[in-house]
Peer 1: 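Structure below; questions to follow.
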Amino acid sequence: MDDKNKKKKKAVINDKVWLLISFCTAMLVWWLLSIGETSGSSFPFADKVVPAVGTMIERGAFWKDIRSSLFCVAAGFGLGFITSLPIAFLMAWYQPVQKIIEPWINFIRNIPALGYAPLLVLMFGVGQKPAVILIWICTFMTMSITIYQGIKNIDVTLIKAARVLGANDFDIFLKIICPATVPFIITAVRLGLGAALTTLLAAESTGAQAGIGMRIRSLSNSFESAPMLMYIILLGIIGLILVKIVDIIERKLTGWQETIG
């Protein structure tokens with residue numbers, strides 16, 4: 001038991017060391033970009049980017065932008081998750097549903113979000129509503145296909161064995177399909193969050209009055225590189241936090257799975 005604890009502590013220390021090395025490497029690359037002749041104006045170093053937080057707070061934009069973007073991401077992702085689950089299960093369980101819906105999901109998800117963003121503005125007007133709907137569409141497309149593919153990859157022999165033992169469709173769904181699908185749902189959530197954040201720029205270009213994506217576009221128009229880079233880094237930090245939350249949930253729900261490494 002002591003050896004096992006020692007190995008865990010050593011692994012944690014090694015992870016922290018590698019994290020420190022990774023951070024120092026990133027800071028070095030950032031510094032080199034900041035002193036470059038052509039890249040310096042686009043990549044100001046931390047001594048200029050960090051004070052930009054105070055600048056945007058003084059303008060009354062910083063917290064307003066964060067609240068607006070988090071609302072759009074949460075609402076769009078939530079709608080995408082709620083609607084993708086039943087559609088994915090229906091496509092996997094009933095072939096006619098899959099034949100009708102899957103081609104259109106694949107068709108729409110291959111169109112860049114900026115392609116139909118103007119259509120949503122014409123339909124719903126400017127503001128947060130078209131942004132939420134755009135994020136919903138993108139996350140729905142990503143998650144429904146991911147969950148559907150996961151369900152299709154479940155071992156058929158488990159379902160056949162359950163039927164031989166007298167299980168009905170509800171028992172098979174509850175005791176076999178659902179537990180086996182959890183890892184794929186977690187993967188879909190991770191991909192959906194990534195899709196939501198990457199769609200944010202396009203979503204908030206639909207006439208939003210506030211938001212990280214809208215502010216990045218506005219600052220780029222005024223050539224304010226320091227606060228613009230600060231918002232880009234902020235978007236990455238939010239993404240990392242969300243990924244960590246998903247990792248914690250995954251460990252809770254799929255602790256029974258064997259993992260490599």
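Each residue takes its place number in the sequence, starting with 1.
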Peer 1: How far apart are the closest heavy atoms of Ser68 and Ala210, and which atoms are they?
Peer 2: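 Residues Ser68 and Ala210, closest heavy atoms: OG-O, 3.3 Å.
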Peer 1: Kindly indicate whether the side chain of Phe43, heavy atoms from C-beta on, has any atom under 4.5 Å from the side chain of Trp31.
Peer 2: no
Peer 1: Val73 and Trp63: same hydrophobic cluster, using ILVMFWY side-chain contacts below 4.5 Å?
Peer 2: yes
Peer 1: So Ile105 and Met91, side chain to side chain contact (heavy atoms under 4.5 Å, CB included) or not? Walk me through it.
Peer 2: CA-CA 11 Å; Ile105 290 178; Met91 285 197 301; 4.0 Å; yes
Peer 1: Would you sort out whether Val132 and Phe71 count as a side chain to side chain contact (heavy atoms under 4.5 Å, CB included), showing the intermediate values?
Peer 2: CA-CA 8 Å; Val132 170; Phe71 171 78; 4.1 Å; yes
Peer 1: Is a side-chain donor or acceptor of Glu204 paired with a backbone partner of Ile212 at a separation under 3.5 angstrom?
Peer 2: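 Indeed, once roles are kept as given, a pair shorter than 3.5 Å links the two residues.
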Peer 1: Would a single hydrophobic cluster contain both Ile232 and Met214, if residues Ile, Leu, Val, Met, Phe, Trp and Tyr are joined by side-chain heavy-atom contacts under 4.5 Å?
Peer 2: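 As far as the 4.5 Å side-chain criterion goes, Ile232 and Met214 are not connected within one cluster.
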Peer 1: Got a second to check how far Arg215's CZ is from Leu201's CG, nearest 0.5 Å?
Peer 2: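 Taking CZ in Arg215 and CG in Leu201, the distance rounds to 13.5 Å.
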Peer 1: Measure across Ser225 and Ser42 and return the closest heavy-atom pair with its distance rounded to 0.1 Å.
Peer 2: CB-O, 4.3 Å
Peer 1: Got Leu240 and Lys244 here, is their nearest side-chain heavy-atom distance under 4.5 Å?
Peer 2: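 Counting from C-beta outward, Leu240 and Lys244 never come under 4.5 Å.
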Peer 1: Before you tell me yes or no, could you show the steps for Met27 and Phe23 under side chain to side chain contact (heavy atoms under 4.5 Å, CB included), namely the whole-Å CA-CA distance, both residues' side-chain angles and the distance that decides it to 0.1 Å?
Peer 2: CA-CA 6 Å; Met27 294 300 289; Phe23 177 77; 3.7 Å; yes
Peer 1: So, taking the atom named CE in Met56 and the one named CG in Leu234, what distance separates them when rounded to the nearest 0.5 Å?
Peer 2: 11.0 Å
Peer 1: Report the C-alpha distance between Arg109 and Glu102 in whole Å, list the side-chain angles of each, state the deciding distance to 0.1 Å, and finish with yes or no for salt bridge (charged side-chain N to carboxylate O under 4.0 Å, His left out).
Peer 2: CA-CA 11 Å; Arg109 76 190 185 105; Glu102 188 186 13; over 6 Å; no
Peer 1: Please round to the nearest 0.5 Å and tell me the distance separating atom OG1 of Thr139 and atom CD1 of Ile82.
Peer 2: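 Here the interatomic distance stands at 10.5 Å.
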Peer 1: So which heavy atom on Glu224 is nearest to which on Ser222, and how close?
Peer 2: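 That closest heavy-atom pairing would be OE2-OG, 2.8 Å.
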Peer 1: Can you tell me which residue among Ile151, Ile145, Ile147 is in a side-chain contact (heavy atoms from CB on, under 4.5 Å) with Gln149?
Peer 2: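 Between Gln149 and the candidates, side-chain contact (heavy atoms from CB on, under 4.5 Å) is satisfied uniquely by Ile145.
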Peer 1: Over all heavy atoms of both residues, which pair between Pro44 and Ala226 is shortest? Give the atoms and the distance, please.
Peer 2: CG-CA, 3.7 Å
Peer 1: Check for a donor-acceptor pair, side chain of Thr83 on one end and backbone N or O of Gly80 on the other, with a separation under 3.5 Å.
Peer 2: yes
Peer 1: Ignoring hydrogens and angles, tell me if any N or O in the side chain of Thr187 forms a donor-acceptor pair with the backbone of Pro183 under 3.5 Å.
Peer 2: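 Answer holds: yes.
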Peer 1: Do the two ring centres, one from Trp30 and one from Phe45, sit under 6.0 Å apart?
Peer 2: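 They qualify: ring centres under 6.0 Å apart.
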Peer 1: Checking Ser144 side chain against Phe140 main chain: does a donor-acceptor pair fall under 3.5 Å?
Peer 2: yes
Peer 1: Treating Ile, Leu, Val, Met, Phe, Trp and Tyr as nodes and any side-chain heavy-atom pair under 4.5 angstrom as an edge, say whether Leu119 and Trp104 lie in one connected cluster.
Peer 2: yes
Peer 1: Is there a side chain to side chain contact (heavy atoms under 4.5 Å, CB included) between Tyr94 and Phe89 once you walk through the steps?
Peer 2: CA-CA 8 Å; Tyr94 302 106; Phe89 278 103; over 6 Å; no
Peer 1: Strictly distance-based, threshold 3.5 Å: is any side-chain N or O of Ser22 a donor or acceptor partner for the main-chain N or O of Trp18?
Peer 2: no
Peer 1: Would you name the heavy atoms of Phe184 and Thr146 that are closest together and state the gap between them?
Peer 2: O-CG2, 4.0 Å
Peer 1: Kindly say whether Met143 contributes a backbone atom to a donor-acceptor pair with the side chain of Ser84 at under 3.5 angstrom?
Peer 2: no
Peer 1: Group every Ile, Leu, Val, Met, Phe, Trp and Tyr by side-chain heavy-atom contacts under 4.5 Å, then state whether Leu229 and Ile35 land in the same group.
Peer 2: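 In one cluster with Leu229: Ile35, yes.
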Peer 1: Could you tell me the separation between the CE atom of Met230 and the CG atom of Leu219, rounded to the nearest 0.5 Å?
Peer 2: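 Reported value, rounded in 0.5 Å steps: 7.5 Å.
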Peer 1: Compare all side-chain heavy atoms of Leu134 with those of Pro130 and state whether any distance is below 4.5 angstrom.
Peer 2: no
Peer 1: State the CD1-OG distance between Ile135 and Ser69, to the nearest 0.5 angstrom.
Peer 2: 8.0 Å
Peer 1: For Thr25 and Ile21, indicate whether the former's side chain and the latter's backbone hold a donor-acceptor pair under 3.5 Å.
Peer 2: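 Yes, Thr25 side chain to Ile21 backbone: donor-acceptor pair under 3.5 Å.
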Peer 1: Please name the residue in the list Ile248, Ile241, Asp247 that meets the side-chain contact (heavy atoms from CB on, under 4.5 Å) test with Ile245.
Peer 2: Ile241
Peer 1: Counting only heavy atoms from other residues, nucleotides and ligands, does the tally under 6.0 Å from CE of Met123 exceed 12?
Peer 2: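 No, the 6.0 Å shell around CE holds no more than 12 heavy atoms from other groups.
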Peer 1: Whether the side chain of Ser39 engages the backbone of Leu33 through a donor-acceptor N/O pair (distance < 3.5 Å, no angle test) should be reported.
Peer 2: yes
Peer 1: What is the ring orientation for Phe81 with Phe77, classed by angle as parallel under 30°, tilted 30 to 60°, or perpendicular over 60°?
Peer 2: parallel
Peer 1: Gly239 and Leu197: which non-hydrogen atoms are nearest, and at how many Å?
Peer 2: CA-CD1, 3.4 Å
Peer 1: Once you round to the nearest 0.5 Å, how far does CD1 of Ile233 lie from CD1 of Ile238?
Peer 2: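 If we round to the nearest 0.5 Å, Ile233:CD1 and Ile238:CD1 are 12.5 Å apart.
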Peer 1: Find out if a path of hydrophobic residues (ILVMFWY) with successive side-chain heavy-atom gaps under 4.5 Å connects Phe107 to Trp136.
Peer 2: yes
